[in-house]
Amino acid sequence: MSSLQHVNPKVRGIRVSPHSGLQSLAARITQEIAQGVQRPFREVIDVSSGDPHKAGIKPISFVRQVLAVCLHPQLLKDKNLPQDVRLRAQRILEVCDGGSVGSYTASTGLNHVKQSIAEFIMRRDAGAPSYAKDIIITAGSQRALMMVLRLLTSERGATKTGVLAPTPCPHTLPMLLDEAEVTMVPYQLMEDRGWVVDLDELHRAVKTARMRCEPRAIYISNPGNPTGHVQDLKSIEEVIRFAATERLLLLVDEVYQDCVYGQGQEFISYKRVLFEIGKEYSETVELVSFHCLSSACMGECGLRAGYMEMVNMDPEVRHVVNIMLDTDICAPVIGQLALDIMVNPPKPGDPSYDTYTQEIVITQTTLSQNAQRAQEFLNDLPGMSCQPVMGGIYLYPCLYLPAEIIEQAEILGLDADVLYCQMSLEEEGVLLGAGCQHGETTGNYYLRLCILVPPDTLEEVLARLGSFQLRLMNPLPHPDRGDKDRDTGRNFVTQHEALCGEEQILS
């Protein structure tokens, strides 16, 4: 008998993400290419999820230099490194037990780093108070979110806990809720208004949910993942008042706060608004906000560190969190140190300031220009439309698929957008993310496309995606553009065939 037969049924029954299947297919195709199997493309390009360094975005020099010195303290004597790099590394090593990054820290993180985070939050939020004791450092923001979800879970036999979550939402969120045995209560973001959070929809969702679970929290992603929407002050105030009225814990994912590029847009944190609208809310509404190294400008996904700030939380809850963290011992120390650099970067006058600032601007400019370029391109393709994005690292275009693709997906037991992603991967070597909207209820399907990639990589992705989409859709017209799509499709295919012919002659 296989030992796997003894696996807990709850583990066996956990939801399998389409993303995992697509990643496995991409890995198989990559291996085949390495073994000499001929494909129409030389490599698979992954734009399904945000991993900037894997995509070719360069890391921030100051971060890597400081971490290098911390890992190899002999570099403290290297005069070729900027003085502020060596001074920062020396200060960090002084707060590590034994002067080494190889030692454990407190389970909630180094107090030095937590204090740096609290000071960053106060600067960001115009002086709204923040305290190191309310900061908890974990191995990434998802780990922090999972801890909070488990705190919310009702006791056995009680009504199941519900969490309001946006549709669309981050592709990992449904699995996290499943693992925490929490009921997902979807509220629909308004696509025709740029994916805004609609107050009436929130009231509908929470009212409906009470028939099957006990709603205890609402999850918000701002800037939106994967929609790219950035909430304005009025919207944030509405959500806070809604949470107060319904006695819901606010869970706010603010990981992409460093990449807001829509004209006239700015990032405003929930913490700041909470403390600006009066004590009625600032002293009563429970808020947990999340941030991590996977932010656009850092992009240090592999270092696995993030933090959550708990506001208006009962001290007993913090105590329980500390107990839960004891089994983890601590988040990776190198990641904690990178967090310190993220929230406390070089200042004007420091030797590394100019280089650091230039590298941050390059990343932000790349992201902004990529967003505009890709959005215009996708909106010109037949059978596809894309709302303007204000921030974040994704585009979330809508697909209008031919009936035969939808029928084929039904036969295969797949969502049509998942089948689309499989086909684009097999035919063009582009790994896209399948959307989390359900076509059977909305009539539309969606893609998730990460735009935090080098511009030449984006151009290659768009060329391949355009070729695939036009082969798939031609001569199907877009519902809003009529015969224009047929002409566009014919022209594109003709040009593509001509280019392929030229490549064959040249080779």
Side-chain angles (χ1 to χ4, degrees), residues 128 134 136 141-142 144-155 158-170 173-174 176-190 195-222 224-225 229 231-255 268-291 308-318 320-321:
D134 296 327
I136 295 173
S141 59
Q142 290 196 22
L145 176 58
M146 175 55 75
M147 291 175 59
V148 178
L149 292 175
R150 285 178 173 156
L151 285 172
L152 291 172
T153 304
S154 302
E155 297 179 359
T159 304
K160 198 166 186 181
T161 295
V163 173
L164 274 69
T167 302
C169 66
L173 183 61
L176 283 176
L177 296 174
D178 275 357
E179 187 178 344
E181 299 184 5
V182 171
T183 298
M184 179 172 174
V185 179
Y187 62 90
Q188 183 68 48
L189 301 177
M190 302 293 109
W195 299 112
V196 302
V197 179
D198 182 79
L199 188 59
D200 290 338
E201 172 63 7
L202 293 182
H203 284 294
R204 180 209 61 78
V206 77
K207 181 179 179 181
T208 304
R210 291 203 167 103
M211 301 176 185
R212 57 192 176 94
C213 64
E214 180 188 354
R216 299 183 65 185
I218 176 172
Y219 174 91
I220 296 282
S221 176
N222 182 47
N225 175 1
H229 175 71
Q231 284 185 274
D232 60 21
L233 179 63
K234 180 175 179 292
S235 175
I236 295 173
E237 288 179 349
E238 287 179 346
V239 173
I240 291 174
R241 292 191 171 97
F242 167 78
T245 301
E246 301 295 339
R247 299 179 63 83
L248 299 174
L249 167 65
L250 273 167
L251 303 173
V252 188
D253 179 347
E254 298 176 329
V255 168
I268 306 172
S269 77
Y270 267 73
K271 168 79 175 290
R272 175 175 178 173
V273 178
L274 180 63
F275 276 80
E276 287 179 344
I277 60 176
K279 291 185 177 181
E280 175 187 357
Y281 301 98
S282 64
E283 295 181 354
T284 60
V285 174
E286 295 177 323
L287 166 70
V288 182
S289 62
F290 306 90
H291 195 12
M308 60 180 172
E309 182 185 27
M310 308 179 81
V311 179
N312 291 326
M313 207 65 66
D314 190 293
E316 183 62 26
V317 173
R318 286 204 301 270
V320 173
V321 170

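Residue numbers run from 1 in the order of the sequence given.
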### Test item: Cys169 and Met184 side chains (from C-beta on) under 4.5 Å apart, heavy atoms
yes
### Query
Quick one: does Tyr219's side chain get under 4.5 Å of Leu177's, heavy atoms only?
no
## Note on the structure
Tightest non-hydrogen contact, residues Glu214 and Thr159, listed as N-CG2, 3.7 Å
### Task
Could you tell me the separation between the OG1 atom of Thr167 and the OH atom of Tyr187, rounded to the nearest 0.5 Å?
8.5 Å
### Query
So, Glu201 side chain and Gln188 main chain: donor-acceptor pair closer than 3.5 Å or not?
yes
### From CD (Glu276) to CD1 (Ile236), nearest 0.5 Å
10.0 Å
### Task
Find out whether Val185 and Cys213 are in side-chain contact, i.e. whether some heavy atom of one side chain is under 4.5 Å from a heavy atom of the other.
yes
### Message
Whether the side chain of Ser141 engages the backbone of Phe290 through a donor-acceptor N/O pair (distance < 3.5 Å, no angle test) should be reported.
### Response
no
### Query
Heavy atoms, side chains only, cut-off 4.5 Å: are Ile268 and Gln231 in contact?
no
### Distance (rounded to the nearest 0.5 Å) between Leu202 CG and Glu238 CD
9.0 Å
### Query
Is it the case that Glu237 and Tyr281 place a side-chain donor and acceptor less than 3.5 Å from each other?
no
### Query
Can you check side chain to side chain contact (heavy atoms under 4.5 Å, CB included) on Val148 and Leu249, steps first, answer last?
CA-CA 10 Å; Val148 178; Leu249 167 65; 3.8 Å; yes
### Task
Would you check if Trp195 and Pro166 make a side-chain contact, meaning some heavy-atom pair closer than 4.5 Å?
no
### Query
How far does CG of Leu248 sit from CZ of Phe242, to the nearest 0.5 angstrom?
5.5 Å
### Message
Using a strict threshold of under 4.0 Å (side-chain N to carboxylate O), is an ion pair present between Arg150 and Glu179?
### Response
yes
### Query
Charged N to carboxylate O below 4.0 Å: is that the case for Arg210 and Glu246?
yes
### Message
What verdict does the side chain to side chain contact (heavy atoms under 4.5 Å, CB included) test give for Arg204 and Lys207, after you've listed the backbone C-alpha separation in whole Å, the side-chain angles of each residue and the deciding distance to 0.1 Å?
### Response
CA-CA 5 Å; Arg204 180 209 61 78; Lys207 181 179 179 181; 6.0 Å; no
## Note on the structure
Distance col, row Met310:CE vs Met147:CE, nearest 0.5 angstrom, shows 7.5 Å
### Task
Report yes if the side chains of Leu189 and Val197 come closer than 4.5 Å at any heavy-atom pair, otherwise no.
yes
### Query
Does Asn222 offer a backbone N or O that forms a donor-acceptor pair with the side chain of Glu254 under 3.5 Å?
no
### Task
Might you work through the side chain to side chain contact (heavy atoms under 4.5 Å, CB included) test for Leu145 and Leu173, ending with a clear yes or no?
CA-CA 10 Å; Leu145 176 58; Leu173 183 61; 3.9 Å; yes
### From CD1 (Ile220) to OG (Ser289), nearest 0.5 Å
13.0 Å
#### Entry: Any Asp134 side-chain heavy atom under 4.5 Å of Met313 side chain
no
### Task
Please check if the side chain of Thr284 supplies one atom and the backbone of Ala244 the other of a donor-acceptor pair under 3.5 Å.
no
### Query
Given side chains that start at C-beta, do those of Leu251 and Leu149 come closer than 4.5 Å, heavy atoms only?
yes
#### Entry: Closest non-hydrogen atom pair, Glu286 against Asn312
CG-O, 3.4 Å
### Task
Give the minimum heavy-atom separation between Leu164 and Ala205, together with the two atoms involved.
CD2-CB, 4.3 Å
